[in-house]
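Atom set for the values below is all heavy atoms of this structure, side chains included, hydrogens, waters and symmetry mates excluded. Computed from a predicted model, the values in this text were never measured in an experiment. Numbering starts at 1 and runs along the sequence shown. First listed ligand is number 1; within each ligand, the first listed atom is number 1.
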Amino acid sequence: MFFKIDKLESVGHRRPENYYNKIMEKEFDQLLDKVGKYNPKADINKIKIAWKFAKLAHTDQKRLSGDFYIIHPLAVFRILVNWELDTTTLIAGLLHDTIEEGGATKEDIFKNFGEEVTELVEGVTKVTNLRLKDDKREEFIESLRKMILVMARDLRVVFIKLADRIHNLETLEYLSPENQIRNAIETLEIYAPLAERLDMGEVKRILEDLAFPYAYATEYEKVKRLSSKYYIGASEDTWVMKKNISNLLKREKVISKVDSRKKHLYSLWKKLERPNIAWNFSKVNDIVALRVLVNDVKECYIALGLVHSLYKPIPHIGISDFIAQPKPNGYKSIHTKVFGPHGRIAEVQIRTFQMHEEDEKGMSAHWMLSMIKNEKGVTSTEIDEGKWKIAKNITWVKQLVEWQDQIRDSEEFLKAVKLDTLAERILVFSPKGDIYDLPRNATPVDFACSVHTKLVNYIKSAKADGRIVPLYYQLTNGQVVEIIKSRNPRKPGKDWTEFVVTNLAKKEIRKSLELTK
Ligand code: MN
C-alpha cells in the first residue's frame, strides 16, 4: 500500500464486487486512452494514482441509488474527459468527494497530489458543503458567494461542479421530493446560466432538460405533449430540407454533414411562455433547426449561399452572422431563418466542425482561458506544461467578485447576480458593430452603462435601429443601439432607476445623483 490515508489503512483496500469492478476498470482504462490522445503530455500515471486513491477513500460507501459510491467520481471523470480538460482538473474530479463524503483528509490529498489539486478539491467541497447543511435561502446565497470567490481564483472548480451536477441530476430520482425540487431549481437558476456564460451551450441545455421535469412537472408534461404533435408535421419538412441541402452541397463538392436538431424542451417552454408567442407553435422559428457542418469558414459562406438558393431567407429577421461577430461568450455560427416547405419558417445553422465541437463539448473551456492570454486557442497540453495559469480577469467574474464584496444584503445580492450575470441575455450592437450582451428587457440606459459607466452622465436621447426611442424602451435581440450624447454632463433622471434592469446602471445612476445633489 503506497497510500497514507491513515483512517483507511486499517480497513484495507477492499474491492467492490468483481462484476462491477471489471466494468468500471475497463471504462477507466478506455477514458485514460482518450486522455492520452487529446493530451499527449497528460500525466497518466498520476491520474491512475488518483483513481486508486478515490477507490480507497470511498471503500464500502454507497450512493442513495444503492450503487457503489465510486461510480459517481468515475462519472464526473468521464464528463471532464469529454470536455478534454487538463490533468489537474481530471485528478481533482476523481477526488472531488473524497474529503466531504469519503475517508480522506485535506492533508492526504496535499501529500499525494500537491497544492493545486488540493485547492480545487477544497473549492468544490466548500461550495457543496454549505448547501448540504440547510436548504434555507440564506444558506444557499452564502454558498453562492463562496462559489464566486473560489471561481475567481480558479475557474476549473466550476467545470468540476458542472460535471458533478450533471451526474447528480441523472440520479436525482433517488432523492426526496423536496431535495429534488431544490436541486432542480438551483440548477435552472444558477448552474445552467453559468454554463452558458462559460460558452458551454450543450452543457447548459443538458442541465436544463435534466432539471425541467423535477422543477416544473406540470409544465414539462404539457410541453412534451403539445410539442410531440407539432414535431410530426415539422419533422417531415425537415427531412426534405435536409436531403435537398446535403444533395446540393455534395454536387458542389462541399464536404459537409447535415443534421437536424429538435429544440430542447426547456428552452422551448421558455419561448412559448413569452407574451409575443403565447403558446403559438407556429411563431417559434427554431423549433426544428438544421445544422450544416463544413470544414472551414470559407465553406460556411459557400454553404450559406447554396442554402439560400434553395430556401429564401426571411426579410429582416433572416441572417445572424456570429462568425463575423461571435457572441460575447465566444459562440460562432451563422444562423439563417428561411421559408421552408409549406411556408414553414425553419432555421439553418451553419458552422465548421470545430466550432460545433467547441459548442458541444465545452472545448470552450480552453477558449475561455486562451481568450485572456492570446488570440489563438490553448490546448490542455499547454496548461499541463504550465505555460499559463487559469486567468482571473474575465470581466463578468470580476464583476461578480466586486458585488459579493459590496452588496451585504443577501436578497439584493442574489438579485444582482441573477439579473446582471445569469439572466437570459439579449445581444445588441453599437453603431460600430460591437456586440453587447445584456439581460432581457434592458433599456438604452443599461446599454450606455455597459459601454462606459461615465456615459450615464451624457445621455440626451437614444436610437434603436435608427429610430428615436424613449429611454425606458426595452431593447430586443439584434437591435443597433445608439446613445445621442449631450455636449455637457447632465444629471440622470430620478426615475431612471425604476426602469433600468442592470445592477450596474442602478448603481451608476444613484452614484451620479448623489454626487450632483
Ligand atoms: Mn459529487
Does the pair R165/E170 count as a salt bridge with the N-to-O cut at 4.0 Å? no

Considering residues at least two apart in sequence or located in another chain, which fulfil the salt bridge (Lys or Arg N to Asp or Glu O under 4.0 Å) criterion with E27? R78

With the Mn ion (ligand 1) as the centre, enumerate protein N/O/S atoms below 2.8 Å in chain and residue order. H72 NE2, H96 NE2, D97 OD2, D164 OD1

Salt bridge check: are R225 and E221 linked by an N-O gap of less than 4.0 Å? no

Sub-4.5 Å side-chain heavy-atom contact between Y69 and D97: yes

Would you say the ring centroid of Y216 lies under 6.0 angstrom from that of W269? yes

Lys/Arg N to Asp/Glu carboxylate O, R156 vs E116, below 4.0 Å: yes

